[in-house]
Amino acid sequence: MKERPAKPKKQPVTIPGVKSASAAQTIFFPRSIKELLTLYNKNPGSIIFAGGTGIMMNRRSERERGGAGGRPVISLKRVQDLTKVVRRERFLEIGAAVPLSRLASIGSRIVPKTLYNAIINYGYYGTRNLATLGGLICSPWDYSEIITILYALDAQLEIRSIAHTGWILISGLKKADGESILSENEILTRVRIPYGSWNRSYSRVFGMDGSSTYPGAIFSGFARIEKESIEDIRLSFGGIGNRVIRERNIEMTLQGKKIPLTEKDLSLIESQITDLLDGFYKPKDIKETGVLATPASINPVESYRASALKRIMLWFLNNLEYPDYLGQIGGLQNRQSKLYF
Amino acid sequence: MVKTEVALKLNGKNIKLKAPVWKNLLDVLREDLGLVGTRGSQGAGNCGLCLVLKNGKTVDACSIPFFELMDTEIVTIEGINLIKEFPDRSLIISEVLKNTVSYRSNSIIMAVKGLFLEKTFPGDDDIKYALSGILSPVDDSNGIIQGVKKLVNMRSRRRR
């Protein structure tokens, strides 16, 4: 009987400086961005592993994690270029694999203070030592206060592939349905946070017993007040429909207004924000016709979040003339949620 | 399930372990090695129960997959006294843990140990930073913070 010829073995992709940990599931440990991009180009759709706080949490069973013969994994732990933090004159540039604890150790003189407060209140000691800024940004869940603040500050992201490099705004990273725009061989390498001359800032997390990893709703507001007039203002809302929302029309309406804001201004803003937030949690039929066709589709949690966000935004706008008060309340809230799990 | 082999240093000993690549460190410690001092609940990085030291940093054991252990040094609660660093476990227990009745005592020890490895003389903010999210409402949080401060003072006196 004629023997069947042996099937040629598939060779794992290897380039110098890269280790493969398992024959069944290839794991790569690149040492530079160039190696990382080459590997990602050759293995599109690989799992990029940074801190692990997101991946390990959401892929508990072996099968969900890829199991035997699953997607290749590219670990970022040896890519030193992704762990750099550089302070420039007009912005702070942070490598995508910088852990949050590193940003916390840099301090609030370099990291914008509101962002610093959000970082030191994120999760707990062990989580902050593992979780990376890039991982948080690329996570499909935008529940973090840090992300809401980055939206308000117009953070920019460097997206690289083997063929091109480009910068995008953080608000452009995800489509309306929350899916990332990154293609299978593109990776986030750096985050640029502009230093704005904000003299009012406030951030608040609601719900879920003060949990910072899964808050109910998040509001972040930044404003620059000159001669009792709003020169610039940024307002962002997190936790509604798993998205961060920033509406430029509302910010444009507020720019140039004198503080304290009049009742007329505030009611106009309130109606604008109601329209905006309702669009994210109320079903289409009730919005357009006023008739509820599918009672089960109303989400009371989202409704609670939206009303809480509306109230805190109005509170922020009402207190723009008291910068010390805003700072103290923000600090108090952070201290209270700091000690308990 | 195909297993992979990883060499690491665990509680001061160089060992080689075999496990599935995605098995988390918490399960490896508890199920494969019988080191049950590291506690866990949901394995989701939320509770702060499973703290260990990885290369001198306090991290969640449930968030570390097996393949990330390659060439690392892990210290668990069982090996905490092997670190030649003041203060040792008994001092932490006598000064800090007298203020807690919670299930989290091992995590508190690991967090305090990690803090002392990171900073020689941690200040008030550093102590709060290290303990944030770990303490439960039944703990005397002020007492625990005072206990850690006492250890800092003892440490500074010893240095003089």
Side-chain angles (χ1 to χ4, degrees), chain A residues 19-29 47 49-70 73 75-78 99 101 104-105 107 119-131 209-214 334-335 337-341, chain B residues 1-6 20-26 42-54 57-72 102 104 107 110-112 114-115 118-119 125-126 128-139 141-142 144-145:
Chain A
K19 283 185 186 177
S20 175
S22 164
Q25 184 161 24
T26 316
I27 296 160
F28 298 105
F29 294 92
I47 298 169
F49 190 92
T53 51
I55 288 180
M56 294 303 284
M57 182 172 64
N58 295 298
R59 293 165 176 258
R60 290 182 203 168
S61 73
E62 279 297 313
R63 183 174 287 184
E64 283 174 319
R65 290 169 193 165
V73 179
S75 169
L76 301 183
K77 76 173 183 181
R78 292 180 190 169
S101 58
S105 68
I119 289 169
I120 62 171
N121 283 291
Y122 182 85
Y124 55 93
Y125 198 25
T127 321
R128 289 189 293 266
N129 276 334
L130 286 173
D209 298 328
S211 165
S212 51
T213 42
Y214 296 101
N334 285 330
R335 276 198 298 277
S337 65
K338 197 170 163 56
L339 276 178
Y340 301 114
F341 69 92
Chain B
M1 185 71 63
V2 181
K3 294 181 176 181
T4 190
E5 193 176 67
V6 158
V21 284
W22 283 106
K23 191 168 188 177
N24 67 32
L25 174 60
L26 176 65
Q42 22 178 333
N46 265 339
C47 59
L49 276 173
C50 61
L51 297 185
V52 295
L53 296 175
K54 181 189 170 206
K57 292 236 171 208
T58 310
V59 294
D60 316 333
C62 68
S63 294
I64 300 173
F66 188 65
F67 65 84
E68 283 283 293
L69 296 177
M70 195 184 283
D71 307 327
T72 56
S102 78
R104 298 166 172 263
S107 292
M110 297 311 289
V112 173
L115 173 68
E118 209 173 302
K119 302 215 168 181
D125 286 346
D126 299 322
K128 283 181 185 172
Y129 174 81
L131 293 173
S132 67
I134 296 174
L135 306 185
S136 72
V138 295
D139 294 326
S141 54
N142 282 332
I144 291 172
I145 291 167

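Lettering follows sequence order; numbering is per chain, from 1. Here the structure is a predicted model, which is why all the values come from computation and not from measurement.
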- Within-4.5 Å side-chain heavy-atom neighbours: A/Phe29 and B/Glu68: yes
- Task: Decide yes or no for A/Tyr124 and B/Thr58: does some side-chain heavy atom of the first lie under 4.5 Å from some side-chain heavy atom of the second?
- Result: no
- Minimal heavy-atom distance between A/Arg78 and B/Asp71, with the atoms involved, is NH2-OD2, 3.5 Å
- Spatial distance of atom NZ (B/Lys54) from atom CG (A/Asn129) [nearest 0.5 Å]: 10.0 Å
- Message: Nearest 0.5 angstrom please: A/Tyr125 OH to B/Asp60 CG, how far?
- Response: 12.5 Å
- Task: Taking all heavy atoms of A/Ala104 and all of B/Tyr129, pick out the closest pair and write down the distance.
- Result: CB-OH, 3.6 Å
- Looking at CD1 of A/Ile27 and CZ of B/Phe66, how far apart are the two atoms once the value is rounded to the nearest 0.5 Å? 10.0 Å
- Out of curiosity, B/Asp126 CG to A/Ile120 CD1, how far, rounded to the nearest 0.5 Å? 10.5 Å
- Query: Side chains of B/Pro65 and A/Met56: does their closest heavy-atom pair fall under 4.5 Å?
  - Reply: yes
- Task: Would you mind checking which part of A/Ser101 comes under 4.5 Å of any heavy atom in chain B, side chain (CB onward), backbone (N, CA, C, O), both or neither?
- Result: both
- Message: Quick check: closest heavy atoms across A/Lys77 and B/Met70, and the distance to 0.1 Å?
- Response: NZ-O, 3.4 Å
- What are the two closest heavy atoms between B/Ser63 and A/Thr53, and how far apart are they? OG-CA, 4.0 Å
